[in-house]
Amino acid sequence: MNTGSDEPGEVAVASDKAKTDRQETAEGAGSGLGSRAPEFIKSRRLLHLSWQVGVFVVGLAVVVAGIIMLPLPGPGWVVIFGGMAIWATEFVWAQLVLRWTKRKVTEAAQRALDPKVRRRNITLTVIGLVIIGVLAGIYLWKFGLVMPWKIKDQ
């Protein structure tokens, strides 16, 4: 930082107005990390701690439900990220994890839209469909329209 002087030991001090302007800009942009609890809750320590415990418990329940849905039918990952979003309303670590996840998902989406990758994916899909079609044709030619569990030594 350039203070306009080369004297050692001199310290630059920002004015209160500049500090307030920066805070308003950060709050207005929504880029600030930290609790999004209402002000009357943040102003009382015990109430704020209770609020954080409640948010943690609700977020934990949602994340656990998402983990349970992973092997079962259901939108497991979506629910897990929903639980992380609940945690992100109150905890900085969850906000950072969610930002990292959003960045990685965006990068993956951009890579998937790359023309070379799309062309490769379409080619592989067409090859897979042709193989499935050939196998289905061989089955129908050999057995006709008979379900596999009704085939007896043909």
Trp87 meets the side chain to side chain donor-acceptor pair (under 3.5 Å) criterion, sequence neighbours left out, with none
With a 6.0 Å cut-off (strictly less than), is the heavy-atom count around CH2 of Trp93, excluding the residue itself, greater than 12? yes
So CE of Met84 and CD of Gln95: to nearest 0.5 Å the spacing works out to 10.0 Å
Original post:
Is it the case that one hydrophobic cluster holds both Val105 and Leu113, taking links as side-chain heavy atoms less than 4.5 Å apart, direct or via other members?
Top reply: no
Flag the pair Ile80 / Leu70 as yes when at least one side-chain heavy-atom distance between them is below 4.5 Å, and no otherwise. yes
Would you sort out whether Trp51 and Glu90 count as a side-chain contact (heavy atoms from CB on, under 4.5 Å), showing the intermediate values? CA-CA 9 Å; Trp51 178 272; Glu90 198 57 37; 3.0 Å; yes
Val55 and Ile86 have their tightest heavy-atom pair at CG1-O, 3.5 Å
To the nearest 0.5 Å, atom CD of Gln52 lies from atom CZ of Phe91 at 5.0 Å
Rounded to the nearest 0.5 Å, the CG atom of Leu60 sits from the CD1 atom of Ile67 at a distance of 8.5 Å
Joint hydrophobic cluster, Leu47 plus Leu49, side-chain heavy atoms closer than 4.5 Å
no
Salt bridge (charged side-chain N to carboxylate O under 4.0 Å, His left out) pairs touching residues 108-128, sequence neighbours excluded, are none
Checklist entry - Should Val64 and Val78 be regarded as members of a common hydrophobic cluster, given that ILVMFWY residues are connected when their side-chain heavy atoms come within less than 4.5 Å of each other, either directly or indirectly? => result no
So CG of Leu96 and OG1 of Thr101: to nearest 0.5 Å the spacing works out to 10.5 Å
Test Thr106 against Gln110 for side-chain contact (heavy atoms from CB on, under 4.5 Å), laying out the working first. CA-CA 6 Å; Thr106 302; Gln110 289 174 346; 4.0 Å; yes
By side-chain contact (heavy atoms from CB on, under 4.5 Å), Val53 pairs with (sequence neighbours left out) Val57
CZ of Phe81 to CG of Leu98, rounded to nearest 0.5 Å, is 8.0 Å
Around atom CZ of Arg103, are there more than 12 heavy atoms of other residues, nucleotides or ligands at under 6.0 Å? yes
Verify the cluster assignment for Tyr139 and Leu129: are they in a single hydrophobic cluster under the rule of side-chain heavy atoms below 4.5 Å apart?
no
